[in-house]
Amino acid sequence: MNKNDKFYCKKKEVTPLIQQYNNIKTKYPDTILLFQVGDFYEIFGKDAIQCSKILNIVLTKRSHIHLAGFPYHSLNTYLPKLIRSGLRVAICDQLEEPKKGKNIVKRGVTELVTPGIAINENILETKSNNFLASIHLGIKNLGLSFLDISTGEFFVTEDTKNNVLQYLKLFNPSEILFQRKEKKFVDQFLRKKYYTFLMEDWIFDYGLAYEKLTSHFKTNSLKGFGINDLKLGIISSGVILSYLHNTHHFNIKHISNIRRIKKEEHMWIDNFTFQNLEIFHSLNKEGVPLINIMDQTITPMGGRLLKNWILFPLINIFHIKKRHQIVQKLYSNHILRDFIKKKLKDIHDIERMISKMVIGKISPREIYTLHKSLISISEIKKFFLSQDSQILTDIANSFQDCKMISDKIVNTIQENPPHQIEKGKGNVIIKGFSKELDEIRMLYFSQKEYLEKLRKIEQLNTGINNLKIGYNNIFGYFFEVKASKKYKVPSHWIQKQTLANSGRYITEELKNYELKILNAEQKILSLEKKIFNDLINQILEKIKHLQKNAKEIAKLDVLYSFSNLALENNYVKPEINHSLKIHIIKGRHPVIERQFISKISYIPNDIILNKSDQQIMIITGPNMSGKSAILRQTAIIILMAHIGSFVPAKYAEIGLIDKIFSRVGASDNISLGESTFMVEMNETASILNNISKRSFLILDEIGRGTSTYDGISIAKSIVEFLHENSLRPMTLFATHYHELNEMSTIFKRIKNYHVSAKQIDDDIIFMRKLMVGGSEHSFGIHVAKISGMPIKIINRAEEILRN
Ligand SMILES: Nc1ncnc2c1ncn2[C@@H]1O[C@H](COP(=O)(O)OP(=O)(O)OP(=O)(O)O)[C@@H](O)[C@H]1O
Ligand SMILES: [Mg+2]
């Protein structure tokens, strides 16, 4: 904060409150400071001006200082808006109860919320992770770490610059930490696309990072995590822990593991390919991405895991087959499916609940939903074990026994508890849990009865008829005795007041009782809080069990989702093996086929590729005939098969694929300031340098971004390169350059195909069937005609074509 940010007030005029504010604000420059004052969060100075605009709240002035604010309990409504507008927010709370006579309450920052470290569900998307990333540049490679503090998932890897940039695109972090001295790199590659945050150079230290990680995980080394050799990755991971510390996130027990991302353990699909295949986002506004079709998961954990599985498809046949087997089991048993569906509906976001428990921000109501979730899991387990099926027994056995936790919850908290203990009117903890609590409650809730009982006893003891008990603010509870009965008042009663017709007295018992009552409410609250926190701590002892169950439920949810998807859309179980061929019969595009009302409207097609006689298929055909659809559906079927899903086809045999590349000619990238053709060539070059024996490529009109002759030449030389390459990558190449059909006469593994269309008089009917042989026409003018182009232009185009 520079001097001007402080409030301009003459020293004498600065109130102690503002002085305290200034002191704290100095420590948190570049953050919005929310300052608790009683039941409000107040925001001062420049912060107030900025927040009033973003939050649409009133901006006022108090003794020359700008001021805005909102109620303390509305934090969950306002905080997300600030974070989403890319601000960092420090929450400064009152750290003690205001006391009479003391003019300033102790305050301190209790949490610093940034885009990358959010736990609040109003900031987070249920079915997406929220990653904080950290990068550390080495000489050759970079260390890269990702943490989702809301789920405790922590990943690390080391890779080349290009691959790190790819990973960043896949994980799409909300915030990236980097070293001050790498500002140039960040400005060049990251600044425009991500929210970045600069960290001081000295934090990027191997020794410091190693120490941070081992002391966090309570281990002697990092060998157990398989990351001991990742020097750069250890630094980037350590930096994340330092950052959590700096932002007051000390309770991070739920980060119980760090996983190494191993490139060789999953299929490599780059971001261009994800985009071209429209997996997570559609290329146009009205379009539907694949994820929308595929995601039938019920729990948030399942939704997040599905995304993760798509980003990292398996390349281990054993594991892929295992998933297919489970899907098959669920697919063929509707009783089982219905049961799972019903139970999954009762399972809440256990992963995020854990993180909220750890930081102490979980509500009684949420804890109760944890109980329900655990009951559901145990019912699934029981049911699976009763099914006499090895597959289901294996799943059942992967669930950890959490009965103790669910029993504890139900034996501690009453049903349907409130969001806040304060709102439970002292009834959050069930009766019978704590004798002390019950006694206080009895006392508190039975004031009337107690006083009546006491009155009767004293009336009997003293013989004073019409003895009354009253209350006033000056001396609390008192006995009231008619003047005529004064002589009966025992000597140990203390007279407090004499009125015309009566006298008021107190007794030791009455006083003690009164004290008890006055403290009771406060005590009930603090006892309930204590019992609740004890419960949380006991649950947290089983954190790993809970995390394991959450992951197993997520898996089951995704596989359940696959089985539903397969049934609804008539998918088939693919056969994955170690062969080097692809054999798809009647394949369909899972998204396009859903756009038709009738299920049979989509024309299926066969694709056969191998390394011996059909390595490259050149696909020609008119505009709009369905070339791109065939290319994409083949890539999508391969992808789906590798994540464990069934596929839209009648039959599919797929030899394991370890990389899928998809490139489209002349995709516009003007926003990045690069020429379209340059981008096209860049993207293509990056494939050609990375192909493997098990790569699958779809190239859609590569070369079209330049003049026809240059384009044809480039297209031809790329196809030739792929054919002659000893790795023989299987390729589908769609093009309007009919000249490419000549290649099949020279190169033995290149085959020509075309997507059929019939010309009847002036009309073209798209048959959409893939047939052997090249095609001669593109019917581009016809497509222009049906698109509504002025007839004059169409006629002239036909004339030019004829000549
Ligand atoms: N097999 C099919 N069955 C039914 N409709 C299809 C099929 N394939 C494609 N379509 C429809 O045709 C439209 C155009 O298909 P696609 O984009 O694949 O054509 P294309 O041959 O690549 O055209 P262009 O040469 O202009 O790129 C699709 O959006 C879809 O609506
Ligand atoms: Mg096309």
Side-chain angles (χ1 to χ4, degrees), residues 272-273 275-278 282-290 293 569-571 584-607 617-637 647-650 652 662-668 676 680 683-684 697-705 708 711-712 715 731-741 752-759 763-771 773-789 794 797:
F272 288 123
T273 306
Q275 278 177 10
N276 292 341
L277 297 179
E278 305 187 273
S282 171
L283 293 170
N284 52 17
K285 263 191 191 152
E286 294 95 60
V288 179
L290 179 71
I293 304 287
N569 300 289
N570 204 10
Y571 291 176
I584 296 170
I585 308 285
K586 293 196 180 234
R588 285 131 43 209
H589 192 296
V591 181
I592 302 178
E593 74 166 340
R594 291 278 292 264
Q595 287 159 6
F596 299 108
I597 295 162
S598 158
K599 280 196 174 160
I600 52 163
S601 302
Y602 192 87
I603 315 294
N605 272 306
D606 304 347
I607 290 288
M617 287 166 77
I618 303 282
I619 302 175
T620 48
N623 289 102
M624 283 286 288
S625 59
K627 298 182 296 299
S628 301
I630 290 176
L631 263 53
R632 288 181 184 174
Q633 78 192 32
T634 311
I636 289 174
I637 287 172
V647 298
K650 194 150 183 238
S662 160
R663 292 296 182 268
V664 178
S667 56
D668 274 311
T676 41
E680 179 183 332
E683 290 181 13
T684 312
L697 274 61
I698 58 173
L699 301 175
D700 199 347
E701 299 191 40
I702 290 302
R704 78 168 166 193
T708 311
I712 293 173
T731 307
L732 301 181
F733 196 118
T735 183
H736 284 289
Y737 298 142
H738 305 288
E739 291 81 352
L740 258 67
N741 286 330
N752 294 333
Y753 283 82
H754 70 279
V755 190
S756 60
K758 260 192 204 160
Q759 184 164 17
D763 264 338
I764 309 260
I765 296 170
F766 295 116
M767 313 298 288
R768 306 196 191 284
K769 259 289 164 213
L770 191 63
M771 319 255 271
S775 71
E776 315 232 305
H777 305 289
S778 281
F779 300 107
I781 298 177
H782 172 79
V783 172
K785 194 162 136 191
I786 53 177
S787 78
M789 186 85 75
I794 301 294

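Order of listing sets the numbers, starting from 1, for every ligand and every atom in it.
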A.B. asks: Are side-chain heavy atoms of I618 and Y753 found at a separation under 4.5 Å?
C.D. replies: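 In short, these two side chains do not touch, never coming nearer than 4.5 Å.
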A.B. asks: Indicate whether the side chain of H736 and that of N623 have a donor and an acceptor atom separated by less than 3.5 Å.
C.D. replies: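 Side chains of H736 and N623: pair found under 3.5 Å.
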A.B. asks: Distance to 0.1 Å, residue and atom name: give those for the protein heavy atom nearest to atom 26 (O) of ligand 1.
C.D. replies: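 Result: N623 ND2, 3.0 Å.
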A.B. asks: Non-hydrogen atoms of F596 versus ligand 1: any pair closer than 4.0 Å?
C.D. replies: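 So F596 counts as touching ligand 1.
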A.B. asks: So is there a nitrogen or oxygen of N605 less than 3.5 Å from a nitrogen or oxygen in ligand 1?
C.D. replies: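 No.
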A.B. asks: May I ask you to test the V647-Y571 pair for a side-chain heavy-atom distance under 4.5 Å?
C.D. replies: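 Contact flag for V647/Y571 side chains = no.
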A.B. asks: Looking only at non-hydrogen atoms, which of R768, K769, H736 approaches atom 10 (N) of ligand 1 most closely?
C.D. replies: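 Of the listed residues, R768 has the closest heavy atom.
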A.B. asks: Heavy atom under 4.0 Å from ligand 1: found in R588's side chain, backbone, both, or neither?
C.D. replies: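 None of R588 does.
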A.B. asks: Can you find a pair of side-chain heavy atoms, one from P648 and one from I637, that are under 4.5 Å apart?
C.D. replies: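 Side-chain contact under 4.5 Å: yes.
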A.B. asks: For atom 22 (O) of ligand 1, find the nearest protein heavy atom and state the residue, atom name and distance (0.1 Å precision).
C.D. replies: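 Nearest protein contact, heavy atoms only, for atom 22 (O) of ligand 1 is S628 OG, 2.7 Å.
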A.B. asks: Would N623 count as a contact for the Mg ion (ligand 2), in the sense that one of its N, O or S atoms lies under 2.8 Å from it?
C.D. replies: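 Of the N, O and S atoms in N623, none lies under 2.8 Å from the Mg ion (ligand 2), which means no.
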A.B. asks: Are side-chain heavy atoms of T731 and I698 found at a separation under 4.5 Å?
C.D. replies: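 Not in contact.
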A.B. asks: Does any part of the side chain of E278, heavy atoms only, come nearer than 4.5 Å to the side chain of N276, both counted from C-beta?
C.D. replies: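 N276 does not reach E278 side chain to side chain.
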A.B. asks: Measuring from non-hydrogen atoms of P604 to any atom of ligand 1, is the shortest distance under 4.0 Å?
C.D. replies: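 Distance cut 4.0 Å: P604 fails for ligand 1.
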A.B. asks: Using modelled atom types only, decide if a donor and an acceptor are shared between the side chain of H589 and the backbone of V591 within a distance under 3.5 Å.
C.D. replies: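 Yes, H589 side chain to V591 backbone: donor-acceptor pair under 3.5 Å.
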A.B. asks: Quick check on E701 - does any of its heavy atoms sit under 4.0 Å from an atom of ligand 1?
C.D. replies: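 Yes, E701 has a heavy atom closer than 4.0 Å to ligand 1.
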A.B. asks: Under 4.0 Å from a heavy atom of P622: which atoms of ligand 1 are those, numbered in the order shown and with their elements?
C.D. replies: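 Close to P622: 21 (O).
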A.B. asks: Return the minimal non-hydrogen interatomic distance between I607 and M617, and the atom names on each side.
C.D. replies: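 Scanning both residues, the minimum pair turns out to be CD1-CE, 3.8 Å.
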A.B. asks: Please state which protein non-hydrogen atom is closest to atom 23 (O) of ligand 1 and give its distance, to 0.1 Å?
C.D. replies: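 Answer for atom 23 (O) of ligand 1: M624 N, 2.8 Å.
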A.B. asks: Of the non-hydrogen atoms in S662 and T273, which two are nearest, and what is the gap between them?
C.D. replies: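 For S662 versus T273, the nearest heavy atoms are N-OG1, 3.0 Å.
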A.B. asks: For the 3.5 Å polar cut-off, considering only N or O atoms, please tell me whether I603 and ligand 1 meet it.
C.D. replies: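 N/O-N/O distance below 3.5 Å exists for this pair.
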A.B. asks: N/O to N/O below 3.5 Å, does that happen between G626 and ligand 1?
C.D. replies: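 So ligand 1 has an N or O lying under 3.5 Å from an N or O of G626.
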A.B. asks: List the closest protein heavy-atom neighbour of atom 28 (C) of ligand 1: residue, atom name, distance to the nearest 0.1 Å.
C.D. replies: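 The answer is I592 CD1, 4.5 Å.
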A.B. asks: Is it the case that ligand 1 has an N or O less than 3.5 angstrom from some N or O of A629?
C.D. replies: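 So ligand 1 has an N or O lying under 3.5 Å from an N or O of A629.
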A.B. asks: Would you mind reporting whether T735 and I619 have side-chain heavy atoms less than 4.5 Å apart?
C.D. replies: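 The answer is no, as the side chains (C-beta and beyond) never meet within the 4.5 Å cut-off.
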A.B. asks: Using heavy atoms and a 4.0 Å limit, tell me yes or no: is S625 in contact with ligand 1?
C.D. replies: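 Per 4.0 Å heavy-atom rule, S625 contacts ligand 1.
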A.B. asks: Purely on distance, is any nitrogen or oxygen of K627 under 3.5 Å from one on ligand 1?
C.D. replies: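 Among all N and O atoms of K627, at least one is under 3.5 Å from an N or O of ligand 1.
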A.B. asks: Kindly check if the number of other-residue, nucleotide or ligand heavy atoms within 6.0 Å of NZ (K769) is above 12?
C.D. replies: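 It does: K769 NZ has more than 12 such atoms within range.
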